[in-house]
*Asks:* 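Please read through the structure below; I'll follow up with questions.
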Amino acid sequence: MEFVSPEGLRLDGRRPTEMRQIRAELGAVAKADGSAVFEMGNTKVVAAVYGPREVQNRSQQLSDQALVRCEYSMANFSTGDRMRKPKGDRRSTEISLVIRQTMEACIMTHLMPRSQIDIFVQVLQADGGTRSACINAATLALADAGIPMHDLVTSCSAGYLNSTPLLDLNYVEDSARGPDVTVGILPKLDKVTLLQRISCRLCMTDTTGEYKGIRISTRWINYNEG
Amino acid sequence: MRGTQLPLNQTQKVRLQRALQQLESLSSKINSNASVTVADSIPVNYEDGVLKGHGTSELNGEIIATVCGIVERVNKLVYVRALRARYKPEVGDIIVGRVVEVAPKRWRIEINYSQDAVLMLSSMNLPDGIQRRRTAIDELNMRSIFEESDVICAEVRGFQHDGLHLQARSQKYGKLKRGQLLTVPPYLVKRRKQHFHYLEQYGIDVILGCNGFIWVGEHVEATDDMVEEQVSKSEQQTMNSDGILTDMEEQEQVSTPLEIRRYVCRAANAVRVLSTLGFIVTIEVIVEIVNLSSSMNLDIHEMLGSEFCVLVTEKEVERRTLTKKKG
């Protein structure tokens, strides 16, 4: 399948290094301490933050820092085919963990000892890049809740199809099974907090293309070190 | 005025917008350029020496903000006041909270802080008003004073090693009954000399807790209750050990008159309107809104409608213009 036309346009009319339109809205959940809706094109995610509040399970209480918890879920209506997925399947557990680790790295947890911060993220519309949209939404929700952070995490995905590096993959491009990577960076501290799934499938026809694909991912790693 | 979604018609929308614009122009412009978001660097004069306060951290010799808010400077101290955050207790604050747990010699109380507060049995006055050591019997009778999910009012005593401690050493503190608890964002309640208010004209009590919990309820005479209790005790020498309990039951049976209930609801709705519009909640404003609603012959439920919200906004503009002229 051709993902980049000869004119250099993608299936949804974007250039290879063009992002989708983003939109963010704060204060979507009235009862939460902080909340945000984040859209990247047709991907739409809502995040709600509760806390810092008293630790629910006393045995998990940390005397020197806050406990960060995260729950990721996909709404049943978020995908094209309406599927009833069991809560806590492998994929959502993994994404919950990823979001938790990313956010824990930027929250100043030592300022809120013996408390807990809950982050709930739900995908309302899934069109590729849910992982990065979730992280962006969670950051905004944490900032809205007035929780002290080292920096705002920003995240985006990139992939490699038809010998072309593509920024911000949508669902069709994501499911083409090319290599892709999700990156989260702290712009002020100039650090990478998340770098994930460099699943290079070695089925590419030309070797130079593969080399390029690896190069885009290594460039991000260099960015971290540099 | 954050994320408010009122179903407004065209004229209401225009009026609301105009009122909000006026409010914006009235607000002081001193701090307008001092707002920062997370990781913004704060310009400071290093020659004078700088003290980093809350909401700041240092990165490569530069001071950066760690929360979204307004930069405040007091002499050398630079700190960031967060726009929206949980309640941060200060010693002496009057707060309203909800009992979540009865533990040995203490109650745990939810006060919208990052931890639950602790009210020790020894740091509150017993219902019989006698100063004495707390015995094991007192400890067993703790549930007769406060139970789980009771709403109580207390004062912040300070931080101890095991968290935030409260005290309730006067008759004005204690269990709150026959009223409504409202939660508003804590930044809408400013610290003032007086947080207990008795609105005589309506016969209701309003307690503006610094933690954003607001109590609106029927008026109770705190000191008179005590006297009566003692009088009745001296009269009825035959009272058994759980006399306090029966006293409470008697009180429960007395029902609140309908008129007072209406005023409680009106005042509660006034607080709700203020909180949706994001205006500072003070007793004067509550009284004004209650009067406005009753002078317009509005039903209680109509106070939450969009028309009334627009009216309240316009009143707020008027009030701020007046105070500005005075000042």
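Order of the sequence lines fixes the chain letters, A, B, ..., with proteins taken first and strands second; residue numbering starts at 1 for each chain.
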*Asks:* Under a 4.5 Å heavy-atom cutoff, which of Ile64(B), Leu59(B), Asn60(B), Thr66(B) has the most pairs with chain A?
*Replies:*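 Heavy-atom pairs under 4.5 Å are most numerous for Thr66(B).
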
*Asks:* Please check if atom NZ in Lys31(A) has more than 12 non-hydrogen atoms from other residues, nucleotides or ligands closer than 6.0 Å.
*Replies:*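 For Lys31(A), atom NZ is not crowded (no more than 12 foreign heavy atoms under 6.0 Å).
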
*Asks:* For chain A, which of Asp40(B), Val38(B), Val67(B) has the most heavy-atom pairs under 4.5 Å?
*Replies:* Val38(B)

*Asks:* Given heavy-atom pairs under 4.5 angstrom as the criterion, report whether the side chain, backbone, both or neither of Ala143(A) touches chain B.
*Replies:* both

*Asks:* Taking atom CD of Glu58(B) as the centre, report whether more than 12 heavy atoms of other residues, nucleotides or ligands fall under 6.0 Å from it.
*Replies:* yes

*Asks:* Return the minimal non-hydrogen interatomic distance between Gly146(A) and Ala85(B), and the atom names on each side.
*Replies:*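 Gly146(A) and Ala85(B) have their closest heavy atoms at O-CB, 4.3 Å.
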
*Asks:* Of the backbone (N, CA, C, O) and the side chain (C-beta and beyond), which part of Leu83(B) lies under 4.5 Å from a heavy atom of chain A, both, or neither?
*Replies:* neither

*Asks:* Measure Ile147(A) against the heavy atoms of chain B and call it side chain, backbone, both or neither at under 4.5 Å.
*Replies:*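 It is the backbone, since no side chain atom gets that close.
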
*Asks:* What pairs of donor and acceptor atoms, side-chain ones from residues 148-155 of chain A against any protein atom, are under 3.5 angstrom apart with sequence neighbours left out?
*Replies:*
unit_1	atom_1	unit_2	atom_2	d
Asp151(A)	OD2	Lys188(A)	N	2.6
Asp151(A)	OD2	Leu189(A)	N	3.2
Thr154(A)	OG1	Ile185(A)	O	3.4
Ser155(A)	OG	Val183(A)	O	3.0

*Asks:* Is the count of non-hydrogen atoms from other residues, nucleotides or ligands lying under 6.0 Å from Asn57(A) atom CG greater than 12?
*Replies:*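 Counting other residues, nucleotides and ligands, CG of Asn57(A) exceeds 12 neighbours.
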
*Asks:* Measure the spacing between OG of Ser114(B) and CD of Glu54(A) and express it to the nearest 0.5 Å.
*Replies:*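 Atom-to-atom, Ser114(B):OG and Glu54(A):CD are 8.5 Å apart.
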
*Asks:* For the candidates Arg58(A), Gln116(A), Met112(A), which exhibits the highest count of non-hydrogen atom pairs separated by less than 4.5 Å from chain B?
*Replies:*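 Greatest number of close heavy-atom pairs with chain B: Arg58(A).
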
*Asks:* Within this structure, what is the CG-CZ distance for the pair Asp116(B) and Arg53(A), rounded to the nearest 0.5 Å?
*Replies:* 11.0 Å

